[in-house]
Amino acid sequence: MVQPSESSPSANEPAVVRIAPPGTGPGFESGSSQRSVQFGHDLPAGEDPTTHGLNPQQLEAVTYRGPALLIVAGAGSGKTRVLTQRIAGLIRGREAWPSQILAITFTNKAAAEMRERVEEQLGGAAEGMWISTFHSACVRILRREAEHFGFKKNFTIYDSSDTKVLIKRLIKELQADVLGLTPGNVASKISKLKNELTDVDAYARDANMSDPTERMFVELFRRYTRELARANSFDFDDLIGQTVYLFRAFPHVAAAYQKRFRHILVDEYQDTNHAQYSLIRELTRAPQPEPDDYLLGAGPTGIEAASLTVVGDSDQSIYAFRGADIRNITEFERDFPGAKVVLLEQNYRSTQNILSAANAVISNNFDRKDKKLWSADGAGEKIIGFTGYSGHDEAQFVADEIEKLHSEGMSYSDMAVFYRTNAQTRALEEIFIRSALPYRVMGGTKFYDRAEIRDSFGYLVSVVNPDDQLALRRILNTPKRGIGPATETQLATFAETNGLTFRDAMRNVEGLGLGPKVTGSIRALSDLLDEAAELADTGVVADVLTLLVTRSGLLETLRNSRDPQDEARAENIEELQAVTKEFEKNNPDGTLIDFLTEVSLVAAADDLDDTSGTVSLMTLHTAKGLEYEAVFLTGIEEDLLPHKMSANEPGGPAEERRLFYVGITRARKRLFLSLAMTRAQFGETAVAMPSRYLQEIPAELIEWRQSPGMVNSRGGQQSRALNSTGRRGFSNGRGGYGGGSDQPPALPRPEKKAWPNQVTNQVRDNSTLELVPGDRITHVDFGEGRVQQVTGEGAKRIAHVIFDAAGPKKLLIKIAPIEKI
DNA sequence: CAGCAACTGTTTTTT
DNA sequence: ACAGTTGCTG
């Protein structure tokens with residue numbers, strides 16, 4: 001069996017899988033204080049490595065044997081440890097071969113981590129085990145079985161933006177935009193339907209076809225489905241849904257997997273959607289006897305259904321928006337009669353203060369099983385609260401506190417900043433860059449979303465999967481080679497009328513009667529793709545990419561451009577070449593298809609880099625499953641958390657509260673909650689109100705450095721740094737707010753734009769500014785100060801300054817808003 | 001067909 | 001604020 005691609009790290013961070021040394025770096029949920037005793041080789045003689053060091057509930061979860069087991073694992077209760085020891089125990093006790101194990105995790109990174117830890121327990125005997133995400137596992141199955149239902153095994157995967165491009169084209173063709181249908185809303189509706197395993201025909205049966213918008217939507221859905229099939233492609237949702245379809249339509253195919261996988265384990269079960277649930281149901285069915293078995297008189301197969309272990313926490317269900325159905329976990333016992341349930345409530349991660357805050361917040365969600373996390377490790381430090389005047393002010397607080405923790409000996413990689421929306425990174429990044437703080441934004445998937453990278457992938461996909469018309473159209477005139485929309489349409493029509501693929505139309509371009517110049521361009525492109533395909537059969541991925549980007553002129557066009565940004569774009573392509581070389585190194589037998597599959601399925605959390613020594617920035621969603629010594633939860637404001645888009649949705653506010661809960665429970669020792677009074681949005685500054693969830697935390701757990709009540713409308717004139725130091729103890733014992741009131745005081749209403757965005761408007765370049773210790777400087781926010789020391793080289797020179805009022809700061813000289821006096 | 005200026009809507013979260 | 005798109009001109 002081919003080794004799965006999920007055992008290699010994401011192509012974005014292509015080095016070897018990194019495991020943080022105990023106690024450092026962002027760990028996966030593992031019960032940090034238990035870590036030192038978890039591996040067999042540390043044990044005294046005679047101890048059972050599978051069960052050593054477990055509490056009674058964990059022990060039960062590891063050793064229980066039966067058809068179905070639900071482990072209700074509160075945050076930080078050591079569930080990953082329980083899962084890995086359970087797997088190791090099954091294999092060590094000869095109850096299962098590695099190849100009979102299927103473990104499903106939420107991200108590739110979590111899968112790699114789990115594999116690593118199982119191997120460590122077993123001394124490397126995990127060969128043949130499937131530990132992967134739902135999507136990766138389904139790709140593996142589909143590649144092997146695609147030919148059963150009209151796909152080829154070289155299929156490619158459409159990500160959400162590919163999907164949108166295709167739908168956009170269809171909307172244009174059908175002029176569906178006049179009915180208010182946009183690529184966004186059509187794509188999300190189709191995705192929802194697929195998550196419910198509803199296909200076009202099923203939907204059309206119940207649709208109100210007298211409604212023109214509805215009728216149009218059905219037509220779009222139908223064409224979208226047809227186009228995907230024609231392009232030999234699956235979208236994200238298809239990967240799951242089509243696998244379920246495959247199993248249901250071809251019982252003998254399903255039986256092969258039902259027989260193979262004897263133990264199925266699913267992590268983060270609370271976030272499974274209906275399609276994923278159905279997949280698990282199919283896999284845990286007892287295999288049906290095949291026709292041949294009857295002929296041989298074998299009767300029923302006699303093979304029992306696989307055993308199923310699921311781990312989850314309904315309080316951490318945060319993906320309802322993409323179809324996750326909390327009932328999958330709440331009704332588990334009904335779905336699998338005779339299921340055993342084990343509750344893990346002891347927390348090995350956080351201090352009691354942090355857990356008490358988390359418990360208090362989540363207890364406001366009614367309709368949940370009461371569950372209280374507790375720790376044996378003591379109260380710990382208080383939670384720190386802070387209210388800034390603006391998002392930048394808040395960011396400055398975060399940066400200052402990070403510096404402080406760092407100077408006290410905490411590694412940057414042990415700290416993380418969370419936020420609700422990706423847009424909030426801007427202010428944080430600006431301040432962090434200025435403060436010369438090493439940071440890294442997780443997810444955002446920025447690299448693979450850049451146009452030049454997508455173009456490069458367009459070439460690669462066109463080579464691997466010539467049926468993909470979308471990829472071909474993307475590269476047809478990129479770089480510019482004189483093939484406009486008119487020519488593109490002619491090619492498409494020619495293909496249509498002659499029953500050819502778009503790619504074949506290109507191969508026969510001479511038959512179209514186009515101008516000699518255009519014909520020549522298409523011929524050259526077509527030949528290049530053929531040559532690359534030949535190379536892909538024998539050569540390595542990196543060479544194929546190099547051939548394509550050089551011979552197509554993509555790279556050269558960018559290099560010769562006079563747009564200064566194109567230089568960076570060319571560098572991005574070179575970085576992609578480096579990524580393919582790394583892939584090559586990690587997967588010596590990896591094909592181009594493997595490479596494309598891997599990058600298609602990287603998740604936001606997959607590019608975590610444990611050893612990089614940087615602060616991690618990420619959304620609350622990405623943070624799930626991770627833990628850090630110190631956590632900063634930013635933007636704890638109404639309309640942001642809970643987000644205003646969630647207000648109308650049923651269950652919205654409760655889900656947002658779970659999101660807050662997830663954020664709180666990521667912290668081991670230190671937790672910081674911050675908000676701003678005004679926040680820039682759409683370039684305009686709007687007033688923000690403290691989040692309702694803040695009041696749910698008992699006041700005695702929070703020490704407000706600057707409470708919402710302390711901030712007044714004149715505050716914008718003062719620098720935060722002037723009045724934030726040394727004040728403490730504003731709790732009054734009742735509400736969560738300082739300043740003497742029980743309820744969050746009504747915030748003042750400053751005029752719009754009362755405090756124009758002080759940071760972003762200032763584009764400056766101080767790269768020529770020379771500073772030496774002793775110089776007096778003035779800073780836009782911090783006032784006057786004296787340079788103590790200058791470190792770093794060139795563009796990275798950092799001034800260490802003690803400001804008269806704001807105290808010590810580090811500034812990146814190139815971009816800091818400073819002047820020499 | 002390419003390049004430029006003006007104009008739009010967009011931001012909730014993600015495999 | 002910004003990117004992506006439309007519409008005009010050469």
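Every chain is numbered from 1 and lettered A, B, ... according to where its sequence line falls, protein lines coming before strand lines.
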Just checking, A:Arg143 and A:Phe155: is the charged tip under 6.0 Å from the six-membered ring centre and within 45° of the axis?
yes
Using a 4.5 Å cut-off on heavy atoms from C-beta on, say whether the side chain of A:Ile280 contacts that of A:Phe134.
yes
Roughly, in whole Å, what's the span from CD1 in A:Ile522 to C1' in B:dC1?
14 Å
Just the rounded figure in Å: distance from P of B:dT14 to CG of A:Asn273.
16 Å
Contact class for A:Lys517 (heavy atom, under 4.0 Å): base, sugar-phosphate, or nothing?
nothing
So, are A:Arg473 and A:Asp468 salt-bridged, with charged N and O less than 4.0 Å apart?
no
Tell me, for nucleotides 8-13 of chain B in 5' to 3' order, what letter each nucleotide earns: B for a base near a protein heavy atom under 4.0 Å, S for only sugar-phosphate near one, - for neither?
--BBBB
With a non-hydrogen cut-off below 4.0 angstrom, is A:Asn477 in contact with a base, only sugar-phosphate, or nothing?
sugar-phosphate
Is it the case that the side chains of A:Gln270 and A:Glu268 hold a donor-acceptor pair, with the cut-off being a distance below 3.5 Å and no angle test?
yes
Assess whether a salt bridge exists between A:Arg657 and A:Glu696, defined as any Lys/Arg side-chain N lying under 4.0 Å from an Asp/Glu carboxylate O.
yes
Could you tell me the separation between the CD atom of A:Gln490 and the C1' atom of B:dC1, rounded to a whole number of Å?
14 Å
Could you measure between the two P atoms, the one in B:dT13 and the one in C:dG4, and give it in whole Å?
16 Å
Length of the line joining A:Asp162:CG and B:dT14:C1', which is rounded to integer Å:
15 Å
Tell me the interatomic distance from A:Asp449, atom CG, to C:dA3, atom C1', rounded to whole angstroms.
13 Å
Proximity to the side chain of A:Ala486 - top-ranked nucleotide from C:dT5, B:dC1, B:dT15
B:dC1
How would you label the contact of A:Thr487 with the nucleic acid (heavy atoms, under 4.0 Å): base, sugar-phosphate, or nothing?
sugar-phosphate
Does the distance from a Lys or Arg side-chain N to an Asp or Glu carboxylate O, for A:Asp199 and A:Lys194, drop under 4.0 Å?
no
So does A:Lys644 pair up with A:Glu656, basic N to acidic O under 4.0 Å?
no
Starting from P on B:dT15, measure out to CD on A:Glu268 and report it in whole angstrom.
13 Å
Whole-Å distance, A:His135 NE2 to B:dT14 C1', equals 9 Å
Whole-Å gap separating P (B:dC1) and NZ (A:Lys480)
11 Å
